[in-house]
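Shown next, in C-alpha cells, is the structure this report addresses.
Every chain is numbered from 1 and lettered A, B, ... according to where its sequence line falls, protein lines coming before strand lines.
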2 protein chains.
Amino acid sequence: MGRHSDAKQRILDSARVLFHARSYSAVGIQEICDHAAVKKGSFYHFFPSKQALTLELLDQSWLGFEQAFISSLLNPERPALQRIVHFFKLGCEMQQRLLDKTGCVLGCPFGNLAMELSTQDDLLRAKLQVFFQRMETVLEKALLEAIRTGELAENTDTKLSAKAMLAYLEGLLLMAKTGNNLQDFTVLSEMALKLITNRCKD
Amino acid sequence: MGRHSDAKQRILDSARVLFHARSYSAVGIQEICDHAAVKKGSFYHFFPSKQALTLELLDQSWLGFEQAFISSLLNPERPALQRIVHFFKLGCEMQQRLLDKTGCVLGCPFGNLAMELSTQDDLLRAKLQVFFQRMETVLEKALLEAIRTGELAENTDTKLSAKAMLAYLEGLLLMAKTGNNLQDFTVLSEMALKLITNRCKD
DNA sequence: CTTGTAATTTACCAACCAGTCAACTATTAT
DNA sequence: ATAATAGTTGACTGGTTGGTAAATTACAAG
C-alpha cells in the first residue's frame, strides 16, 4: 500500500558519501537532504534521528565492505598470507580512487566515525567496535588457514596478530589522510605481516 | 601597559581538554568560554577564530608532548630499542590516567584532530602532518642510535620503520578508543618493534 | 594624576542546527 | 471507485553556531 520511492536509499547514499568526505558533525541533515534531493520532512519520515540514520548507514556500509574486501580475503585461490597483502592493496586502490574523485585521502569510513564519535555516542561506538571485531575475526580466519597450509607456525597467536594488523591498517589510513598522500601506503602496508606473533614469549 | 590576565591561557587549556574529550566540531566557542570562565567577547579579543585558537593550541600541546614523552625517548640511560617500548608504555599510562578521570579512552589528541579535520581544514591538517613527521624523526633517531650500539642491523630502514611504528601507535590508540578499553594496548604495543624493517628486500 | 592600552562585558548578528507537525498527494489493494 | 497507506512538502520550533561592535573597566607607565 501507499506509494514507493527510493528516497530512503538516496538519503543513505548521500550520508555515506558526505560523512566519509567530511565528518559526522560537519554534515547537517539539511545538507544530506539537499544532496539526496529530498525535503527534510521526508528525512524524518524515514529516520527518527541522525543517529538512527547512521546506525542503518553503518549496517549497509558493512555489507558493501564485506562484498568488496572480505570476500577476497577468504578467497581460497590465493595463499592465505598473500590474501592479506592483497587485502591491504585493495584498500590502497580504493583510497586512490577516492583521492582521484575528491582530491582528498578520505581514510576508513569506519575508523573516521569511530575516532570522532567514540567518546560522544556510545551506541555508535559499540556498533563500530563490533565491525572491528568482525574484521579481526576475518583476518584471524586467514591466519588460521595459513597455519593449516603450513605458511605459519602452529603457535601463531592468531587473535593478537589479527588485532595488530587491523590497528596497523587503521593507523596507516590515518597517516595517509593526514598527509593527504598515498605514496608510502603501499610499501608500508606490505609490512603488516611482520606483526604476526607467536604465543607466549615471541 | 593595560591590565594583564591569564584568560588566554585558560581558554587554551579549556579548549585542549574539551577537544580531546569530544571533538573539534562538537565543542563550540561558547562552551570553551564557559569552561574557562571567560566571556565570548574576550575569546575574540585573544583569537581571531576557532581555527587560530586551534593552531596555537596545537603548538602548546606539542611542547607539552615533547616534554612528557619525547625526552624519555631520547634519554640515553636506557638502550634505544627499550626506550621505544617505554615510550609506548608512557602513552598507555597516560591513556589510563585519562580513562580514570573521564571514563573514556580519549586517544591521541593529535590523531583525533587529524582524523576529523584533515579533509576539512588544510591549515590544521598541514600542521598536524608536521607533528607526525617530527614524531617520525624522533623515533628514527632512536633507531639510528640502536644501529650505533649494535642493537639493530646496519641496513635497517630507519625512516620506514619509524613511519610504520607511528602509524601502528595511532592505530592502537584508535582501537582502544573504539573499544573504550585499554586491555590489549600494552601487549599489542610491545609488538611495535616487529615493524622494524631492513632496506630493499627484507 | 593623567593618558594610553589591554582586558572585559554586553548585546547583537545572520546562518545554521536537529527535530516537529499537519496538510497534501500519489499509489495500491480491495 | 474507494479507503487505507506511504511518501512528500513547506512552514515552523527553540536553541546554537561562529563571529562582530561598541562601550566600559582596570591597570601600568609617563
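Considering only side-chain N and O atoms, B/Ser5 lies nowhere under 4.0 angstrom from the phosphate OP1 or OP2 of C/dA6. The phosphate of C/dT8 has neither OP1 nor OP2 within less than 4.0 Å of any side-chain N or O from B/His45.
Here the P atom of nucleotide C/dT5 and the NE2 atom of B/His4 are 18 Å apart, to the nearest Å. We find that CZ of B/Arg3 is positioned 15 Å from P of D/dA29, with the value rounded to whole Å. Between the P atom of D/dT13 and the NZ atom of A/Lys40 lies a distance of 13 Å, rounded to the nearest Å. Between B/Asp6 atom CG and C/dA6 atom C1' the separation is 14 Å, expressed in whole Å. Between B/Ile11 atom CD1 and D/dG19 atom C1' the separation is 14 Å, expressed in whole Å. D/dT16 atom P lies 15 Å from atom CD1 of B/Ile29, rounded to whole Å. Atom P of nucleotide C/dT8 and atom OH of B/Tyr44 are separated by 17 Å, given to the nearest angstrom. Summarising the geometry, the separation between NZ on B/Lys39 and C1' on C/dA6 is reported as 18 Å, rounded to the nearest angstrom.
Looking at which nucleotide of DNA chain C each of A/Gln30 and A/Pro48 is closest to, the 5′-most match is held by A/Gln30. Heavy-atom distances to DNA chain D give each of A/Gly2 and B/Ser49 a nearest nucleotide, and the one nearer the 5′ end belongs to A/Gly2.
At a cut-off of 3.5 Å, with distance as the only test, no side-chain donor of B/Gln129 or A/Thr178 sits close to an acceptor on the other residue. Counted by atom type alone, B/Glu151 and B/Thr149 present one or more donor-acceptor pairs between their side chains at under 3.5 Å.
Salt bridge A/Glu56/A/Lys8: present, at least one basic N to carboxylate O contact under 4.0 Å. Between B/Glu116 and A/Arg22 there is no salt bridge, since no side-chain N of the basic residue sits under 4.0 Å from a carboxylate O of the acidic one. Of the charged side-chain nitrogens involved, none lies within less than 4.0 Å of a carboxylate oxygen, so that A/Asp13 and A/Arg10 do not count as a salt-bridged pair.
Heavy atoms of A/Gly41 sit under 4.0 angstrom from at least one base atom. Across all strands shown, B/Ser42 has heavy atoms under 4.0 Å from base atoms, whether or not it also approaches the sugar-phosphate. Across all strands, A/Phe46 comes closer than 4.0 Å only to sugar-phosphate atoms, never to a base (heavy-atom distances).
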